[in-house]
Structures are given as C-alpha cells and as structure tokens.
Amino acid sequence: MMEARERVSPAPHKLAALEAWLGEGTSIERYELLSGGAVQLNWLIEGTRAGTPFAYVLRTDAASSLLMSHSRAQEFALLCAAERAGVTVPTPRALCEDPSILGAPFFIADRAAGTALASRVVRDRNLGGDRSKLGEILGAELARIHSIRPPEPSLDFLGFPSVSPALDVVESNRATLDELGVARPVLEWGLRWLERNAPAPAGLVLCHRDFRTGNYLLDERGLTAILDWEFAGWGDGAEDIGWFCAACWRFGNDELEAGGVATRGDFYRGYERESGTRVDPDAVHYWEVAAHVRWAAIALLQADRHLSGAESSLELALTSHLVPELEYEILALLGGWR
Amino acid sequence: MRIRPAGAELLSAARVTLSERIVPHLPQARLERIASIERAMAAGEEKLARDLPASQAELRALNEARLAMRDLIPDALPPEYHYDARLVAKAIAVAASQLVRGNADELREVERLAALLGLPPPALGTPDDVRCSLAGLNERLASRIRSGAADAGSQSYDATLAHLEATTREALSESNPTYHRMSSGAAVPHTSAFRARSAKRPSLCCRSSSRRFAGGADSKARGCVDG
C-alpha cells in the first residue's frame with residue numbers, strides 16, 4: 001500500500017558496519033529507502049565489492065510492527081524455500097540476525113528489476129509482456145509456491161491450522177473485530193457464511209497469503225519477482241487464488257478478473273498446467289468472500305493504528321474508508337442486490 | 001459517521017500531511033493557494049467536530065481545495081509527493097461528504113436497526129446520542145448474525161440482508177460515492193445535514209452532550225465531492 005517514496009540520509013556509523021559485514025573491500029556508494037511500510041523497510045544498496053558492482057535490497061523491520069508477520073530470519077527461509085521450488089523471487093543472499101549492525105535483524109537479496117506499483121501494472125501495457133501469457137505465468141508461479149508442502153524442516157516455524165484453514169480464518173478475523181471493539185454487521189454476515197460453508201480440510205500447501213497485483217515486479221519483458229512473503233503459512237491453496245482474483249485487487253481494471261491483468265481463464269490455465277490439478281470455482285468463490293473480509297479487518301486494524309496514536313498517518317486513516325467497498329463486494333458475492 | 005476516522009479526524013491528519021510533506025516542497029508562488037486550502041480544511045474540521053452544518057461558501061471552498069489538491073498542486077510538487085496530495089484530496093472528499101450528508105443516514109440506520117431487532121425506537125437527543133445508539137444496536141445485530149439467528153432459511157434473513165444492503169449503500173455514498181463497481185440500482189441520493197429527532201423521552205445513551213443542532217445544508221452545494 002505504501003506508494004510514497006522518500007530519501008532518507010544514511011547513518012554513517014551504520015553504513016560502515018554494514019560494509020564490514022558485507023565483506024572486505026566492500027564500498028557502498030548508494031543507500032536509498034525504497035519503501036517504508038508500517039511493518040518493514042526496504043533499502044536499496046549499491047556499491048562494489050573487490051571491484052565488482054552489486055545492487056541489493058536490504059529488508060529490515062520498521063520500528064513498530066503492525067500484524068503478526070514473520071521475522072526477517074523466517075522471511076529469508078521462505079524466500080530460500082520458494083527459490084528452491086522454482087518460484088521467481090529476488091535471489092536471497094545473506095541473513096544477519098545480529099542487531100548490532102543496523103539495530104535490527106535484516107537480510108539482503110538481489111535487487112529485481114521492474115515496478116510493482118499496481119496502478120501502473122494494470123494500465124501500462126508496456127509492462128509484463130503479453131497479458132494473456134502473463135496471467136498463465138502468474139498462475140504457474142502460484143502453483144510452484146503451492147508445491148511446497150509440509151513437512152519442510154526449513155519452515156518448521158510455520159504453524160498449522162488448528163481446525164481447518166477456513167475455520168481458522170473465521171476465528172482469527174472474528175478475534176480481530178472483537179479486539180478492535182467495532183461491530184460491523186456485514187463482516188459478521190460474511191464470517192457467518194464462511195463458517196457455515198467452510199470446505200473440509202484438504203492437503204496443506206504453502207500459501208503466500210498476499211499474492212496479488214502490487215506484490216510482484218514486472219519489467220518490459222515479463223515477471224521479474226514475487227514479493228512480500230511475510231504472511232505466508234500452511235493453508236488451502238484456493239485461498240491464494242481467491243485473494244489474487246478478488247474484486248478488491250483489480251485496481252479499477254475489472255474486465256480482467258485475475259488481478260486486473262488477465263482473465264481467470266489465463267490464470268487458471270497456468271495454475272492447472274503447472275500443478276496438474278483443477279481449479280475449483282466454488283472453492284475460489286469461497287475464498288474471494290474470505291479475501292474481502294480479511295482485507296476489511298486489516299483496513300480496520302490500520303485505521304486503529306492511526307486512531308490509537310501508535311502511528312499517525314493519513315494513509316492508514318484513509319484505509320478504513322475502503323471498508324464500505326469491501327462490504328459491498330461481500331454482499332454482492334453472497335447474493336445481495338438481486 | 002460509520003467509519004472512523006471521521007471527517008474531522010481525517011481533516012486534522014490531512015492538515016499535518018499538508019504542512020509536513022507538501023508545503024516544504026512547494027515553490028513560493030504556490031504558498032498563497034495552500035493557505036486558502038488550509039483555511040477551508042480548518043473551517044470544515046471545526047464544523048464537523050461540533051456537528052454543525054457548513055455554509056454554502058464553506059462547502060464551495062472545500063470543493064475548490066479538493067480540486068486544487070487533486071489537479072493543481074501535484075504539478076508543482078516532486079513526483080514522490082504526488083501521492084500525499086492525492087491522500088489529502090481524498091480526505092477532503094470524505095469530510096465534505098460527511099458535512100453535506102450530516103447524520104440523516106445515521107438516524108435512518110438507527111430506525112431500521114430498532115425495527116429489525118424488534119426494539120422500540122430509541123429516544124435520541126444529540127448527534128452523539130445517535131452515534132451511541134447506533135453503536136449499541138450494531139453490536140446487537142452483529143452478535144445476532146454471529147449466533148446464526150439470521151442465517152439463510154431463518155425468518156429474519158431477508159430483512160437482515162435488506163438492512164445490510166441499505167446501510168452499505170449509505171456508507172459507500174459517504175466514503176466513496178463514485179465507487180466504480182456500484183450498480184446504479186445500489187446508489188443512494190445525497191440527503192441533508194445534521195438533525196436530531198425531537199426527543200422528550202430520556203436518552204438511553206452513554207454520553208450526553210449539550211451541543212446544538214442546526215438545520216440542513218444548502219442543497220446547491222450538494223454533489224460537490226463527486227468525481
């Protein structure tokens with residue numbers, strides 16, 4: 001969501017420590033804050049090591065943390081697992097858990113080219129190559145993420161659903177609403193429907209849980225990286241398909257129901273070809289309802305961060321005014337306005 | 001005020017963004033324009049905070065401020081601050097919509113909720129009373145839905161869905177009146193500003209307020225936040 005960018009002056013003592021950590025003969029020539037969210041900060045660092053140029057993204061924690069998200073060490077493990085499964089990710093290079101270098105743990109990965117900015121991705125046809133092909137590629141990428149299954153020792157920090165992935169989503173979103181103390185009858189309507197229609201637990205796969213337009217990078221030729229792994233966990237693969245196709249992530253480009261960039265047919269075809277399994281439209285419909293409920297709960301949480309004074313931000317404050325749109329979609333998916 | 005932060009809180013946050021992230025990056029020649037934008041926002045914030053309707057001139061000034069933040073100011077700003085200007089414009093739009101709509105939607109929602117829940121219409125005094133009743137009634141409806149008492153097949157299913165549709169239409173008209181996916185059948189016309197039902201019965205509300213109420217806003221200014 002953070003689209004505003006700003007330049008922040010590097011702290012000289014931290015730069016020196018980082019250069020030493022990166023290895024002898026390292027010189028950092030550029031250091032720029034790419035994006036700063038409530039949860040993580042992404043820095044671009046460019047320089048040379050023993051005469052060879054490098055460009056890395058360094059990812060570290062913001063001072064405060066918004067949601068239950070993974071630590072940098074865990075995110076690094078997820079990136080490594082995804083890379084092994086053939087997912088297009090920024091190549092993970094190194095993890096530093098020693099807080100004395102930058103003040104917080106961090107990891108570095110190769111900088112991937114391209115833009116993630118959703119408003120550009122859905123409109124600028126010079127990005128991402130042929131859109132039908134892009135839809136297939138994104139479907140295949142998601143299928144490769146879902147090829148990661150438990151047991152996976154490097155991901156043993158990921159918890160398992162207590163009852164079923166679907167009922168866990170119902171429970172956790174109800175808990176969020178209760179903690180916030182906001183009564184939202186439409187969200188309760190959606191949650192009750194999700195509770196009554198929860199699918200039986202199927203085989204668990206690695207779900208990205210934020211696989212959507214805005215969280216992958218495109219350049220002129222095509223996809224260059226799947227980003228933002230901090231919410232990944234074991235779950236029902238249809239959850240990610242529903243999240244990607246949900247109306248709230250099309251950024252105004254409604255004709256292309258798969259993320260505003262491709263048709264469902266393109267996206268499903270890529271997924272089915274790679275995974276060898278059929279996409280079940282009923283399951284996707286279920287998880288699209290869940291997607292709008294979950295995004296609404298997150299939007300209310302973000303507004304609460306502003307209202308509580310934890311992080312004063314006009315962007316967080318305005319996020320809550322997306323909730324009526326999400327409620328509109330929930331009712332529309334569940335038979336409203338007929 | 002269905003969604004917090006409400007208009008006054010949004011304008012307050014938007015004024016901080018204006019002074020901290022926009023003004024420092026503007027050329028001298030634009031600062032006079034910013035001062036008038038700031039004045040319009042401050043006036044709107046004050047009216048919203050006190051539950052008073054805005055004058056036609058104040059609504060016009062807010063609309064001009066919104067258009068300037070959307071169309072004019074970005075041209076004078078470095079690209080990395082365009083997003084901030086758009087956020088300020090959006091905050092003004094929501095606040096102006098609340099000023100125009102007042103609490104008529106909330107009064108209707110309270111009446112609908114009481115009927116749906118089979119309760120007598122609550123006695124309402126101040127706009128704070130209305131908000132308080134609304135919160136309490138929505139808690140009841142939320143727990144009724146969660147308990148399954150309004151499930152498909154139950155007697156109250158149709159009435160509950162109709163209430164949720166009406167409420168969502170009104171909330172969208174406040175937060176995003178031009179939501180592109182809203183079907184024309186779901187759109188709701190603008191209504192009038194702050195009012196309270198005359199209530200002789202004692203208020204059931206948790207808070208009391210001695211605020212005064214004012215009559216409707218000027219209808220000519222309505223629709224100023226569209227687009």
Side-chain angles (χ1 to χ4, degrees), chain A residues 1-7 117 119 170 174 177-178 180-193 195-197 247-248 250-254 296 299-300 303-304 306-307 312-332 334-338, chain B residues 2-5 9-10 12-18 21 79-84 86-88 90-91 93-94 113 134-152 160-165 167-176 179-183 185-186:
Chain A
M1 259 155 291
M2 274 298 195
E3 294 178 354
R5 294 178 175 210
E6 62 185 309
R7 285 178 182 79
L117 200 64
S119 54
V170 172
R174 280 179 176 163
L177 294 177
D178 291 347
L180 290 173
V182 291
R184 303 291 315 172
V186 177
L187 301 185
E188 295 292 344
W189 187 257
L191 284 163
R192 177 65 185 159
W193 185 88
E195 183 175 50
R196 293 188 83 202
N197 293 278
C248 54
R250 294 179 199 150
F251 299 92
N253 207 12
D254 270 315
L300 291 169
D304 187 68
H306 172 82
L307 288 165
S312 184
S313 153
L314 181 57
E315 183 177 39
L316 291 182
L318 280 167
T319 303
S320 62
H321 285 271
L322 294 173
V323 172
E325 295 170 27
L326 301 168
E327 291 175 330
Y328 177 90
E329 298 299 341
I330 290 164
L331 291 178
L334 298 183
W337 289 289
R338 287 196 184 150
Chain B
R2 291 191 169 74
I3 295 278
R4 285 196 71 209
E9 297 162 308
L10 285 178
S12 165
R15 287 166 67 203
V16 172
T17 298
L18 196 66
R21 293 189 55 87
E80 57 263 49
Y81 299 101
H82 288 187
Y83 187 60
D84 294 287
R86 289 212 309 275
L87 291 177
V88 172
K90 171 72 182 171
V94 175
L113 275 165
L134 195 55
L137 291 166
N138 269 321
E139 270 173 39
R140 283 186 177 222
L141 178 59
S143 49
R144 178 194 267 207
I145 293 169
R146 194 182 287 194
S147 75
D151 282 353
T160 305
L161 179 58
H163 166 79
L164 298 178
E165 287 175 346
T167 305
T168 301
R169 272 197 297 271
E170 290 167 356
L172 251 184
S173 301
E174 182 175 297
S175 288
N176 187 356
Y179 183 51
H180 66 288
R181 286 173 50 81
M182 184 159 50
S183 63

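Residue numbers start from 1 in every chain, and the chains themselves are labelled A, B, ... in the order their sequence lines are given, proteins ahead of strands.
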[X] versus chain A, the contacting section by heavy-atom distance below 4.5 Å:
X	value
N138(B)	both
V16(B)	neither
A152(B)	both

Atom [atom1] of [X] and atom [atom2] of [Y]: how far apart are they, to the nearest 0.5 Å?
X	Y	atom1	atom2	answer
R338(A)	E165(B)	CZ	CD	10.0 Å
W193(A)	I145(B)	CH2	CD1	15.5 Å
L10(B)	H321(A)	CG	NE2	4.5 Å
E9(B)	H306(A)	CD	NE2	7.0 Å
L177(A)	R146(B)	CG	CZ	6.5 Å
L318(A)	R86(B)	CG	CZ	11.5 Å

For this session: Could you tell me which of V186(A), L307(A), L331(A) has the largest number of non-hydrogen atom pairs under 4.5 Å with chain B?
Result: L307(A)
For this session: Could you have a look at L300(A), D254(A), D304(A) and say which one has the most heavy-atom pairs with chain B under 4.5 angstrom?
Result: D254(A)
If I measure from the heavy atoms of chain B, does [X] come under 4.5 Å with its side chain, its backbone, both, or neither?
X	answer
R196(A)	side chain
L191(A)	neither
L334(A)	backbone
S312(A)	neither

Contact between [X] and [Y] at the side-chain level, heavy atoms closer than 4.5 Å - yes or no?
X	Y	value
L322(A)	N176(B)	no
R184(A)	I3(B)	yes
L164(B)	P185(A)	yes

Exercise: identify the closest heavy-atom pair between [X] and [Y]:
X	Y	answer
S320(A)	P5(B)	OG-CD, 3.3 Å
Y328(A)	R181(B)	OH-O, 3.3 Å
L314(A)	A91(B)	CD1-CB, 4.0 Å

Seminar exercise, completed: If you tally heavy-atom pairs under 4.5 Å between each of D151(B), L172(B), T17(B), T168(B) and chain A, the highest tally belongs to D151(B)
Exercise. Near R15(B) CZ, under 6.0 Å, is it more than 12 heavy atoms from other residues, nucleotides or ligands?
Worked result: yes
